[in-house]
Asks: 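The structure is given below, and queries will be raised subsequently.
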Protein chains: 2
Amino acid sequence: MISGKFAITIHILTLLTKYPNDFLSSEYIAGSINLNPVLVRKEIANLKAHHIVESKEGKNGGTKLSVDPSKITLKEIFEMTFETINLGYAKNQPNPDCPVGKKINQNLSSLYADMNQKVSLQLEGISLEDFSNQF
Amino acid sequence: MISGKFAITIHILTLLTKYPNDFLSSEYIAGSINLNPVLVRKEIANLKAHHIVESKEGKNGGTKLSVDPSKITLKEIFEMTFETINLGYAKNQPNPDCPVGKKINQNLSSLYADMNQKVSLQLEGISLEDFSNQF
DNA sequence: TACATTTGTAACATATTTTATTACAGTATG
DNA sequence: CATACTGTAATAAAATATGTTACAAATGTA
């Protein structure tokens, strides 16, 4: 999994929104992000799985948006990248004999769930078109 | 830097809140978190720098809260751990000749700033005491 | 048809970040 | 003065993220 997936994905989608009629190659996109084309293709594979872009193989191939950028929000993009807001958990099984250790992850989970809800509400209000218009 | 700093710090502070009259050793705290005591001491060093805990060296030493847990909020704790909500940036200098590459980080920054504001508002409403009372 | 170009994907390599360990000087307690 | 702590640096190990190479399959075009 790529972290910073969201940032990369937004970058890709913004480019596709700017050139809605062209199939952009992963090489071209990678040139704008300054990232390895293979990583770009991996993120595109994810977007394809969510049916928001389509690719054409072979010569003059590439990728283009397959949805209306005014119809998709940053919240959906956020969710497509499998990202969630969280500030970490106790990774090493905390001590179950300690009242705090026993419940810490559960309580953090519920805190993070609330954080995600707040952020989702915000992201829901921003369409890909809105975001792209800033450029 | 420790990631999951927030989670570790909250864990430490919750324990200290539960035993407000004792100096807890880093070994004891590490036992609840199931983490290396040195890492616990590093996080405590940070808390000390923010004057919210105090430590005693030597035999029977340890750490205790030095503030009223009803007076400190998760927002302050969040900020003490130097964490911010962000979903990544273009790390490799994106292409400045591309209108998107040129502004992507700036636009992401501003998006993330809004996210942080939303989250901060939420965390501001939860005191350390509130959080600890869940255990 | 043959060639060039591009996606799709796997396998592997490198770099970065996190987490853990070891070590030991300094400090308080009894 | 022995013991049990903190404080901190140096180092090691593990985990994660990112980059590279390679190549099959697809597709447009000369």
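So you know, we letter chains A, B, ... as the sequences are listed, proteins then strands, and number each from 1.
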Asks: For residues A/Pro94 and A/Gly101, report the shortest heavy-atom separation together with the two atoms involved.
Replies: CG-O, 3.4 Å
Asks: A/Thr84: what forms a side chain to side chain contact (heavy atoms under 4.5 Å, CB included) with it, not counting sequence neighbours?
Replies: A/Asn86, A/Asn116
Asks: Could you give the CD-to-C1' distance, from B/Glu43 to D/dT6, as a whole number of Å?
Replies: 16 Å
Asks: Any pair with a residue in residues 95-104 of chain A that passes salt bridge (charged side-chain N to carboxylate O under 4.0 Å, His left out), sequence neighbours left out, goes on the list, sorted by first then second residue, please.
Replies: none
Asks: May I have all residue pairs that pass side chain to side chain donor-acceptor pair (under 3.5 Å) and include part of residues 14-31 of chain A, sequence neighbours excluded?
Replies: A/Ser26-A/Arg41
Asks: Let me have a per-nucleotide readout for nucleotides 23-30 of chain D, 5' to 3', with B, S or -, counting only protein heavy atoms under 4.0 Å.
Replies: ---BBBS-
Asks: Taking only residues at least two apart or on different chains, which pairs with a member in residues 71-82 of chain B satisfy salt bridge (charged side-chain N to carboxylate O under 4.0 Å, His left out)?
Replies: B/Asp68-B/Lys71, B/Lys75-B/Glu79, B/Lys75-B/Glu124
Asks: Sequence neighbours excluded, which residues qualify as side chain to side chain contact (heavy atoms under 4.5 Å, CB included) partners of B/Lys64?
Replies: B/Phe23, B/Glu54
Asks: How many whole angstroms separate atom CG of A/Asn34 from atom P of D/dT18?
Replies: 13 Å
Asks: Using the side chain to side chain contact (heavy atoms under 4.5 Å, CB included) criterion, which residues pair with A/Ser32? Sequence neighbours excluded.
Replies: A/His11, A/Leu15, B/Cys98
Asks: Would you tabulate the pairs of protein nitrogen or oxygen atoms and nucleotide nitrogen or oxygen atoms of nucleotides 10-12 of chain D closer than 3.5 angstrom?
Replies:
none

Asks: Rounded to the nearest Å, what distance is computed from the CG atom of residue B/Leu39 to the C1' atom of nucleotide C/dT17?
Replies: 13 Å
Asks: Does a nitrogen or oxygen in the side chain of A/Asn36 sit under 4.0 Å from OP1 or OP2 of D/dT18?
Replies: no
Asks: Please say which of B/Val67, B/Asn46, B/Leu24, B/Leu16 ends up in a side chain to side chain contact (heavy atoms under 4.5 Å, CB included) with B/Val53.
Replies: B/Leu16
Asks: Does anything in residues 18-29 of chain B come within less than 4.0 Å of DNA chain C? Heavy atoms only, and list the residues if so.
Replies: none
Asks: Rounded to whole Å, how long is the line connecting atom CG of B/Leu35 with atom P of C/dT18?
Replies: 14 Å
Asks: Roughly, in whole Å, what's the span from CG in B/Asn46 to P in D/dT8?
Replies: 12 Å
Asks: Side chain to side chain donor-acceptor pair (under 3.5 Å) with B/Asp130: which residues, sequence neighbours excluded?
Replies: B/Ser127
Asks: Please list all pairs passing the ring-ring contact (aromatic ring centres under 6.0 Å, His included) test where one or both residues lie in residues 91-135 of chain A, with sequence neighbours left out.
Replies: A/Tyr89-A/Tyr112, A/Phe131-A/Phe135
Asks: What pairs with A/Asn133 under side chain to side chain contact (heavy atoms under 4.5 Å, CB included), at least two apart in sequence or on another chain?
Replies: A/Glu129
Asks: Round to a whole Å and report the spacing from NZ of A/Lys5 to C1' of D/dG19.
Replies: 16 Å
